[in-house]
Number of protein chains: 2
Amino acid sequence: MKNLEMLTYDELLVEFKNILKADGLKFTSQREAILSTLYENPQHFTSENLYMLVKQKHPELSVGIATVYRTLALLEENGLVSSISLGIQGKKFEIANKPHHDHLICESCGKIVEFENEKIEDLQHQIAKENGFVLTDHLMQLYGICTECQKNQSK
Amino acid sequence: MKNLEMLTYDELLVEFKNILKADGLKFTSQREAILSTLYENPQHFTSENLYMLVKQKHPELSVGIATVYRTLALLEENGLVSSISLGIQGKKFEIANKPHHDHLICESCGKIVEFENEKIEDLQHQIAKENGFVLTDHLMQLYGICTECQKNQSK
DNA sequence: TTACCATATGAATATCATTATCAAAAAAGG
DNA sequence: CCTTTTTTGATAATGATATTCATATGGTAA
Ligand SMILES: [Mn+2]
Ligand SMILES: [Mn+2]
Ligand SMILES: [Zn+2]
Ligand SMILES: [Zn+2]
């Protein structure tokens, strides 16, 4: 899978079109609307949230929730979006043209901070190796209370 | 919440009874059967798997799946069991009288290896601190291919 | 022990996010 | 254009988990 870090939207679009063509799939206005909405809003969306935003940004289009689910799956399979699963709170998606990172999540307000830590990544590989595994992926989420919520709680 | 590391079953039972009493809840044979089954099988269970094993181990009892869900939620709230959510594969539960650990999961056969790494835990606290968070919890799952599955794949 | 009453239970039903179905619409390629 | 294939939105189906409710059971105090 190609490295998509820091691509512009046009570059991302070209990449998407290549993938579609290679798989005999079609480039549709719904698929473009979903990709561009994700690109312009590099946050973390549930399928439902994204569905609502896409409809708001593209009132001229007819977009169904099923298409949002289908397109997110397609984009994720091809590495154009990534997802984090937040236990009971469901799955959230984000555009994948940013460098790898993990997430620090406020348990009170839901705020998500992205971070990266090379040392931890190295240690993860080491742990996998010690146990005879070839590491393919990892999930690391830190949960806590953010500065603001700490203030509100002490009131 | 009390530290439950390495408690015997009897100690765990006493703890459970104290929690129940403090909350005006009752000690039932179903609740005991679920806790003892988890204690005697310190693996990772889906609610459904555990339901089947409890029925097998306690054929004299009538146990419904709803009670298994309710009891797992109760035990988890009170720190007697812990869970890991494996994305699409659902939630798995295990008895919580073992030291803290994270999980290394084979994407091919589902095998789960437990590990602990003090350095990573330290780095996690440091990251939270740098971002103004008070760390309350974390989730770390490493995904890979285990030794056996690597062999099978190369055949 | 017994009697009382709050809580727990199992079976059935509801919920809710996600997925599948299907007839109509749109894209790709000549 | 025209043809073929894929895509779409509406709707129904699915499946894991939660809730409802009538009955059963545990705790407690006489
Ligand atoms: Mn992110
Ligand atoms: Mn474990
Ligand atoms: Zn917060
Ligand atoms: Zn394996």
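Values reported hereafter were calculated over all heavy atoms of this structure, with side chains retained and with hydrogens, waters and symmetry mates removed. Below, chains carry the letters A, B, ... as their sequence lines are ordered, and counting in each starts from 1.
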Is the phosphate of D/dT25 approached by B/Q30 (side-chain N or O, under 4.0 Å from OP1 or OP2)?
no
Quick one: which of C/dG10, C/dT18, C/dA8 gets closest to the side chain of B/L25?
C/dA8
Against the side chain of A/T67, the closest entry in C/dA8, D/dT8, C/dG29 is D/dT8
Rounded distance in Å - CZ (B/F16) to P (D/dG26):
14 Å
Quick one: label B/R70 by what it contacts on the DNA or RNA (base, sugar-phosphate, nothing), any heavy atom closer than 4.0 Å.
base
Salt-bridged, B/K57 to B/E40, with N to O below 4.0 Å?
no
Quick one: sort the B/Y39 and B/Y9 rings into parallel, tilted or perpendicular, breaks at 30° and 60°.
tilted
What orientation do A/F16 and A/F27 show, parallel under 30°, tilted 30 to 60°, or perpendicular over 60°?
perpendicular
In this structure, how many angstroms lie between the P atom of D/dT8 and the NE2 atom of A/H58, rounded?
14 Å
Interatomic distance where CG belongs to B/L50 and C1' belongs to D/dA16 [whole Å]
15 Å
Quick one: A/L61 CG to D/dT7 C1', roughly how many Å, whole number?
13 Å
Just by modelled atom types, is the B/C149 backbone N or O under 3.5 Å from a matching donor or acceptor in the B/S108 side chain?
no
Here's a test of your reading of the structure: between B/Y51 and B/G24, which maps to the more 5' nucleotide of DNA chain C?
B/G24
Whole angstroms only, please: what is the NZ-P distance between A/K17 and D/dT7?
15 Å
On DNA chain D, nearest-nucleotide positions of B/I65 versus A/T28: which is more 5'?
A/T28
Can you figure out which of C/dA17, C/dA27, C/dA11 approaches the side chain of A/Y69 most closely?
C/dA17
Toward the 5' end of DNA chain D, which comes first, B/A66 or B/F27, by nearest nucleotide?
B/A66
Which residue lies more 5' along DNA chain C, comparing B/V68 with A/S47 via nearest heavy atoms
B/V68
To the nearest angstrom, how far is A/K21 atom NZ from D/dT7 atom C1'?
17 Å
Compare side-chain N and O positions of B/S62 against OP1 and OP2 of C/dG10 and report whether any pair is under 4.0 Å apart.
yes
From C-beta outward on A/K26, which listed nucleotide comes closest to its side chain: C/dA27, C/dT18, D/dG26?
C/dA27
Spacing of A/L20 atom CG relative to C/dG29 atom P, expressed in whole Å
11 Å
Salt bridge check, A/E148 against A/K111: does any charged N sit closer than 4.0 Å to a carboxylate O?
no
Whole-Å distance separating the NZ atom of A/K55 from the P atom of D/dA10:
8 Å
